Amino acid sequence: MQLNELQNKIEQARTLESSLPSLKYGGMKELLEARSSTKKNYLTYVNESGERSEVSYADFYEHVLGCARFLQNIGLSRGDRVATISHNHWHTVVQYFACWLLGLVVVPINLEEDDDRIADILENGRIELAFVRTEYRDRFRTILEQYDQLKHIEWIVCEGGLENFIKKEGKLRIDEASFAESDALVVFASDREGQLQGIVLTQQNLLEGTRATVRWHNIDEDSRMMCVLPIHSVNEAVISMITPFFAGGSAVLNQEFKASRLFPQIKEEKIHIVSVTPSMLQSLNHHYAEDDHPDVASLEHIICEGKSLTTKMAIAFEEQFRVPIIYGCGWPETTCYSCFLPLDLRKNERREWLTDYGYPSVGTPVLANEMAVHDEDGNALPEEEGGEIVIRGVNVMERYDNNKEANERAFRNGWFRSGEEGFYINDKEGRPYFFLTGRRNE
């Protein structure tokens, strides 16, 4: 495929047929400035020992400026790439936003990967600087010592307070140009052959994914969200960190998930929405006895994403804890969720979509994208006929990084090909509800 033809297909896949209203914020810079003087709490951080620390929007903004000064002072500029070697920590959130303020690119590292894999990500990600939490300093040093191609990477150990990556004084030069189409996040994932692929998302991708989440879940300045999943994932970075910031709400960031602490903490913090995985739902089901109903009166619903949710698991959880599960699905390539079960479904309707068709429905498309089911030749298939789930919209990634073959395969027909088999069924109003049946064998 010629380069210009490929680019046209990518642009087609990143465009909606019907346009959306303009984003309120042209980039992360505008979003940060909009919250710069707000005194209310933005983020509460809870470490593994249960110790809490809070930061307001205004203080968070000042920390972001200080980190941006630091990054600029060591010579980084628009397009340079910064890795984060960290568990969930509010300092890492500061680093994300500081990078985006300058048009830098964040490459979050999943520490569950082995050393060879992390080394590949650092090399393929073209990392200039790494922020490293103290706990991972020795491991990171060992990785750098083993691979000559990584010895140029500068790294900053983040321990204690903010002083290791904050510069409070000095001029900060912020580009007046829009960073909306600038690369913002590169997330590495494995393709079907186990090879690394760098998924490149722009600031606009992140903001469009955020806007879709805010609208779907009715999130506003009074909403309080909680994060128990790793923020190195796109889904969690968008849902639990950027979304409350976008809406002017607040968030609780946990260093780790503990089944025994989740519901007591939801009660203490008056949480409205939390995002979990099916395995976490299963842990909660197992942790509590059938007649044990913890007090979660503030909790409006739970967001759940994952290919392993079963109807039995979902129904058991809802019956046990009397909290609706808003199931959905997304891919890193589509910047968070592409579809959700609607919030306005009655309990019996939600139960039907979860149980009556052999697979739990992942819902209907969010406003940021369209979804369809295609055959091998890229032709749209009718209701109930199985094929490949495809997505087109403003939340679709910019590209796979430096991988023409992968881009040709993913965008062959002007849609993003998810690699997931599935089908859809229309409701009485003609809304398509999608179902996933498994990965394609190609």
Side-chain angles (χ1 to χ4, degrees), residues 209 212-219 229 235 238-239 243 272-282 284-285 296 299-331 334 336-374 380-393 395 415 418-440:
T213 302
V214 166
R215 288 186 175 188
W216 198 276
H217 295 280
N218 299 325
I219 297 166
L229 291 168
N235 269 5
V238 170
I239 286 181
T243 291
H272 301 122
I273 301 171
V274 63
S275 172
V276 301
T277 63
S279 63
M280 289 177 175
L281 292 181
Q282 193 167 28
L284 291 164
N285 283 344
V296 288
L299 194 60
E300 297 171 0
H301 60 268
I302 282 180
I303 298 173
C304 183
E305 195 276 344
K307 311 303 186 294
S308 57
L309 182 73
T310 64
T311 55
K312 181 179 178 181
M313 188 191 305
I315 298 308
F317 183 88
E318 290 200 0
E319 290 296 324
Q320 169 78 1
F321 302 110
R322 303 167 187 173
V323 178
I325 297 173
I326 304 303
Y327 191 45
C329 185
W331 294 265
T334 62
C336 197
Y337 284 82
S338 292
C339 52
F340 286 109
L341 287 174
L343 255 65
D344 60 1
L345 292 178
R346 293 189 296 272
K347 181 179 178 179
N348 65 311
E349 292 174 324
R350 188 171 63 256
R351 182 71 57 89
E352 289 172 6
W353 288 112
L354 287 172
T355 63
D356 285 10
Y357 300 97
Y359 301 87
S361 173
V362 292
T364 65
V366 299
L367 290 175
N369 61 236
E370 304 159 8
M371 296 175 64
V373 177
H374 282 185
L381 294 173
E383 184 180 4
E384 299 188 47
E385 188 167 338
E388 183 176 16
I389 304 288
V390 295
I391 304 97
R392 176 173 65 191
N395 55 357
W415 291 68
S418 72
E420 296 282 350
E421 292 279 358
F423 62 94
Y424 71 91
I425 293 175
N426 290 325
D427 67 4
K428 295 176 182 178
E429 299 172 5
R431 294 183 300 182
Y433 281 71
F434 285 82
F435 299 80
L436 305 182
T437 58
R439 294 291 293 174
R440 290 176 61 82

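What you see is a predicted model; the values in this text were computed from it and never measured.
One distance of note links CD of Glu305 with OH of Tyr327; it measures 7.0 Å at 0.5 Å rounding. Rounding to the nearest 0.5 Å places NE2 of His272 at 12.5 Å from CG of Asn218. How far OH of Tyr337 is from CD1 of Ile303: 6.0 Å, rounded to the nearest 0.5 Å. The structure places CD1 of Ile325 at 5.5 Å from CZ of Phe317, a figure rounded to the nearest 0.5 Å. To the nearest 0.5 angstrom, Trp216 atom CH2 is 9.5 Å from Ile326 atom CD1.
Partners of Gln282 by side-chain hydrogen bond (donor to acceptor under 3.5 Å, both in side chains), not counting sequence neighbours: none found. Partners of Thr243 by side-chain hydrogen bond (donor to acceptor under 3.5 Å, both in side chains), not counting sequence neighbours: none found. Partners of Trp415 under the ring pair (Phe, Tyr, Trp, His ring centres under 6.0 Å) rule, at least two apart in sequence or in another chain, are His374. Evaluation of the salt bridge (Lys or Arg N to Asp or Glu O under 4.0 Å) rule for Lys428 yields no partner, not counting sequence neighbours. Tyr433 meets the ring pair (Phe, Tyr, Trp, His ring centres under 6.0 Å) test with Trp353; sequence neighbours excluded. Evaluation of the side-chain hydrogen bond (donor to acceptor under 3.5 Å, both in side chains) rule for Glu300 yields no partner, not counting sequence neighbours. Among residues two or more places apart in sequence or in another chain, the side-chain contact (heavy atoms from CB on, under 4.5 Å) test is passed with Glu385 by Leu381, Pro382. Annotation: salt bridge (Lys or Arg N to Asp or Glu O under 4.0 Å) contacts of Glu349 (sequence neighbours excluded): Arg346. Considering only residues two or more places apart in sequence or on other chains, Thr310 meets the side-chain hydrogen bond (donor to acceptor under 3.5 Å, both in side chains) condition with none of them.
Ring-plane geometry between Phe423 and Phe435 is classed as parallel, the angle between the planes falling under 30 degrees on a 0 to 90 degree scale with a further cut at 60.
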Walk me through whether Leu281 and Cys304 qualify under side chain to side chain contact (heavy atoms under 4.5 Å, CB included).
CA-CA 9 Å; Leu281 292 181; Cys304 183; 3.7 Å; yes

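Here Lys347 does not pair with Glu318 in a salt bridge; the nearest charged N to carboxylate O distance is not below 4.0 Å. Ion pairing of Glu420 with Arg439 is present here, as a side-chain N (NZ or NE/NH1/NH2) and a carboxylate O approach within less than 4.0 Å.
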Check residues 355-372 and write down every donor-acceptor pair under 3.5 Å in which the side-chain atom is one partner and the other belongs to a residue at least two apart or another chain.
unit_1 : atom_1 : unit_2 : atom_2 : d
Thr355 : OG1    : Arg351 : O      : 2.6
Ser361 : OG     : Gly363 : N      : 3.0
Ser361 : OG     : Phe434 : O      : 3.1
Asn369 : OD1    : Ser338 : OG     : 3.4
Asn369 : OD1    : Asn395 : ND2    : 2.8
Asn369 : ND2    : Ser338 : O      : 3.1
Glu370 : OE1    : Arg392 : NE     : 3.0
Glu370 : OE1    : Arg392 : NH2    : 2.7
Glu370 : OE2    : Glu17  : N      : 2.8

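Residues Val296 and Phe321 are not in side-chain contact: their nearest non-hydrogen atoms beyond the backbone lie 4.5 Å or more apart. The shortest distance between side-chain heavy atoms of Leu229 and Met280 falls below 4.5 Å.
Here the shortest heavy-atom pairing between Ile219 and Thr213 reads CD1-O, 4.0 Å. The two atoms that bring Ala314 and Leu354 nearest to each other are CB-CD1, 4.2 Å, heavy atoms only. Pairing each heavy atom of Pro432 with each of Asn426, the nearest pair is CA-OD1, 3.3 Å.
Counting non-hydrogen atoms of neighbouring residues, nucleotides and ligands closer than 6.0 angstrom, the CZ atom of Arg431 exceeds 12 such neighbours.
Side-chain N or O atoms of Ser418 include one that pairs as donor or acceptor with a backbone N or O of Ile389 at under 3.5 Å.
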